[in-house]
Amino acid sequence: MELLLGDFLQAHGVTVYRLAAHARGRIARRTLYLLANGESGRLDLATLAKLIQALRELTGQPVEVQDLLRYREGDSP
C-alpha cells in the first residue's frame, strides 16, 4: 500500500502545518509529518478516519479512502 497524503495535500494547497493545526487534539503533529513524508510504516483505521474527517473539513471536498491510499501490485500483506 502507498500513502498519498503528501500528494493530496500538495494538490489541494494544504500544508502539513495547517492540517496539524486543524487536527490538533485528534492526530499528533509528528504523525502527520511522518505520514505526509511517507516515513510511517503503518496507519491504523482510527487515525485514517480522523485524517479523512480533518481533510474534508479543511478542503470542503468529499475525501475518501482511495484519495489517500493506493494498492501497488506485488506489495506483501
Side-chain angles (χ1 to χ4, degrees):
M1 296 297 292
E2 181 179 8
L3 186 61
L4 306 173
L5 178 59
D7 296 336
F8 181 91
L9 293 176
Q10 186 176 25
H12 290 86
V14 176
T15 64
V16 180
Y17 179 84
R18 183 171 167 213
L19 175 58
H22 185 79
R24 187 173 183 191
R26 293 184 278 176
I27 309 170
R29 180 179 304 214
R30 176 170 162 67
T31 298
L32 291 173
Y33 276 97
L34 290 172
L35 292 172
N37 292 319
E39 297 174 10
S40 179
R42 62 181 292 264
L43 173 62
D44 66 40
L45 294 178
T47 302
L48 180 60
K50 292 173 190 174
L51 180 58
I52 289 172
Q53 183 61 39
L55 290 169
R56 286 177 177 176
E57 293 166 3
L58 275 175
T59 65
Q61 301 293 317
V63 181
E64 301 295 337
V65 172
Q66 61 270 21
D67 296 320
L68 300 176
L69 294 174
R70 176 174 42 219
Y71 175 75
R72 291 185 311 195
E73 194 67 38
D75 282 353
S76 58

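Scope of the values below: all heavy atoms of this structure, side chains included, with no hydrogens, waters or symmetry mates. All figures in this text were calculated on a predicted structure; none of them were measured in a lab.
- A donor-acceptor pair is defined here as one N or O able to donate and one able to accept, closer than 3.5 Å; no such pair exists between the side chain of Asp7 and the backbone of Leu4.
- Met1 and Leu34 sit in two unconnected hydrophobic clusters of ILVMFWY residues. Membership requires side-chain heavy atoms under 4.5 Å apart, directly or through other members.
- Between Ala36 and Val16, the closest heavy-atom pair is CB-CG2, 3.5 Å.
- Atoms CG and CG, on Leu51 and Leu32 in that order, are 6.5 Å from each other to the nearest 0.5 Å.
- What you find for Leu35 and Arg42 is that their closest heavy atoms are CD2-O, 4.3 Å.
- Nearest heavy atom pair, residue Leu3 against residue Leu68, reads CD1-O, 3.2 Å.
- Here the OH atom belonging to Tyr33 is positioned 11.5 Å from the CG atom belonging to Leu5, to the nearest 0.5 angstrom.
- Between His22 and Ala54, the shortest heavy-atom contact is CD2-O, 3.7 Å.
- Atoms OG1 and CZ, on Thr47 and Arg26 in that order, are 12.0 Å from each other to the nearest 0.5 Å.
- Here the side chain of Asp44 pairs a donor or acceptor atom with the backbone of Ala46 at under 3.5 angstrom.
- Applying side-chain hydrogen bond (donor to acceptor under 3.5 Å, both in side chains) to Gln53 and the options Arg56, Lys50, Glu57 leaves one that passes, Glu57.
- When every heavy atom of Thr59 is checked against every heavy atom of Phe8, the shortest pair comes out as CG2-CE2, 4.2 Å.
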*Could you walk me through whether Ile52 and Val65 pass the side chain to side chain contact (heavy atoms under 4.5 Å, CB included) test, one step at a time?*
CA-CA 7 Å; Ile52 289 172; Val65 172; 3.7 Å; yes
*Go through Leu48 and Leu69 one step at a time and tell me if the side chain to side chain contact (heavy atoms under 4.5 Å, CB included) criterion holds.*
CA-CA 10 Å; Leu48 180 60; Leu69 294 174; 4.1 Å; yes
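- The two residues Arg29 and Tyr17 have their closest heavy-atom pair at NH1-CE1, 3.6 Å.
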